[in-house]
Amino acid sequence: MIYLSAERAAEEMIEAGKRLWLRGLVSGTDGNISCRVGPDRILSTPTGISKASLEAGSFVLTDLSGNVIEGKSAPSTELKLHLAAYAEREDITAVIHAHPPAATAFASAGVAPDVSATAEAALLFPDGIPIAPYSLPGGQELAEGARECFKGHKAVLLERHGAVTLGNKVSAALALMEAVENAALTELYIRALGGAKPLDKAELEKLRGLSLKRGLL
Ligand SMILES: [Zn+2]
């Protein structure tokens, strides 16, 4: 696997942080972003900073066990969640955790978004968006619960908390986070209008075929 340099990874996370904040997917000092920059090296956002205010020197370098190698600040309180994703999926090099309002509303209500409501959602999430069970933020239990969901999904909701997306680059994880929130928001509008007729199985299979073809799974 080819890894980004720490400098390039930081640049991509600074850009992603701004976009998360501008789109209202995080507020205050919520959310965290990480990028794998070596076989046993993760560069991640520090705790207690707005994702709109990240700078080149903000980031914390750790190993895959969470030991700090370099960095002026403490790592994110959700670093365990990120490490669980890297431990489970060797194919991913970026993780984003955010609190997108509509997606979090679904997660808090215990309702998985109906991804067959739109073609786009069915294409991006053919196996749905699972909800990892509630557990204290920042804890190992939360990370373990999410890890189970990471086995077959790059987008996972956290009950009463938020969402996590994985990607083979920071921009891919960001695009997926935007798509999760878009799917949730669109479904809320659809529900307000009385609901949508679900896509039939044959059509969903065609969309899954397209997902495979485009390497989205
Ligand atoms: Zn959180």
Side-chain angles (χ1 to χ4, degrees), residues 12-36 42-54 58-60 62 64 66 68 71 73-89 92-113 125 129-150 153-167 170-185 188:
E12 293 198 0
M13 288 191 278
I14 290 169
E15 173 65 19
K18 286 198 177 80
R19 287 171 60 175
L20 283 173
W21 186 84
L22 282 169
R23 284 216 51 185
L25 303 175
V26 291
S27 58
T29 59
D30 292 351
N32 20 80
I33 312 169
S34 68
C35 186
R36 195 168 180 168
I42 305 293
L43 193 67
S44 60
T45 51
T47 188
I49 182 171
S50 165
K51 299 299 122 14
S53 307
L54 295 167
S58 302
F59 298 87
V60 185
T62 65
L64 281 169
V68 175
S73 309
S76 158
T77 49
E78 291 295 5
L79 182 63
K80 291 188 183 86
L81 185 62
H82 292 244
L83 297 177
Y86 294 114
E88 186 57 43
R89 302 278 302 247
I92 60 121
T93 54
V95 178
I96 295 181
H97 164 53
H99 298 169
T104 304
F106 274 86
S108 297
V111 177
F125 311 108
I129 307 172
I131 305 174
Y134 174 78
S135 192
L136 269 188
Q140 188 60 35
E141 208 178 314
L142 176 72
E144 290 303 324
R147 182 172 175 169
E148 277 305 303
C149 298
F150 294 145
H153 302 270
K154 287 182 183 166
V156 171
L157 299 182
L158 306 175
E159 186 182 350
R160 297 176 195 272
H161 186 160
V164 191
T165 55
L166 320 179
V170 176
S171 60
L174 176 66
L176 215 50
M177 185 62 76
E178 291 183 4
V180 167
E181 178 63 354
N182 194 53
L185 200 53
L188 285 181

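First listed ligand is number 1; within each ligand, the first listed atom is number 1. All values below come from the heavy atoms of this structure, side chains included, with hydrogens, waters and symmetry mates left out.
Every ring-ring contact (aromatic ring centres under 6.0 Å, His included) that His99 has, sequence neighbours left out, goes to His97, His161.
When the options Ser58, Cys35, Ser44 are evaluated for a side-chain contact (heavy atoms from CB on, under 4.5 Å) with Met13, the one that passes is Cys35. A side-chain hydrogen bond (donor to acceptor under 3.5 Å, both in side chains) with Ser76 is found for exactly one of Thr45, Asn32, Thr47, namely Asn32.
With Thr165 contributing its side chain and Ala155 its backbone, the two residues share no donor-acceptor pair below 3.5 Å.
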Before giving the answer on salt bridge (charged side-chain N to carboxylate O under 4.0 Å, His left out), spell out for Arg19 and Glu178 the whole-Å C-alpha distance, their side-chain angles and the decisive distance to 0.1 Å. CA-CA 9 Å; Arg19 287 171 60 175; Glu178 291 183 4; 3.7 Å; yes
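Listed by chain and residue number, the protein N/O/S atoms under 2.8 Å of the Zn ion (ligand 1) are His97 NE2, His99 NE2, His161 NE2, with waters left out.
A pairwise comparison of heavy atoms in Leu81 and Ala146 identifies CD1-CB, 3.6 Å as the closest pair.
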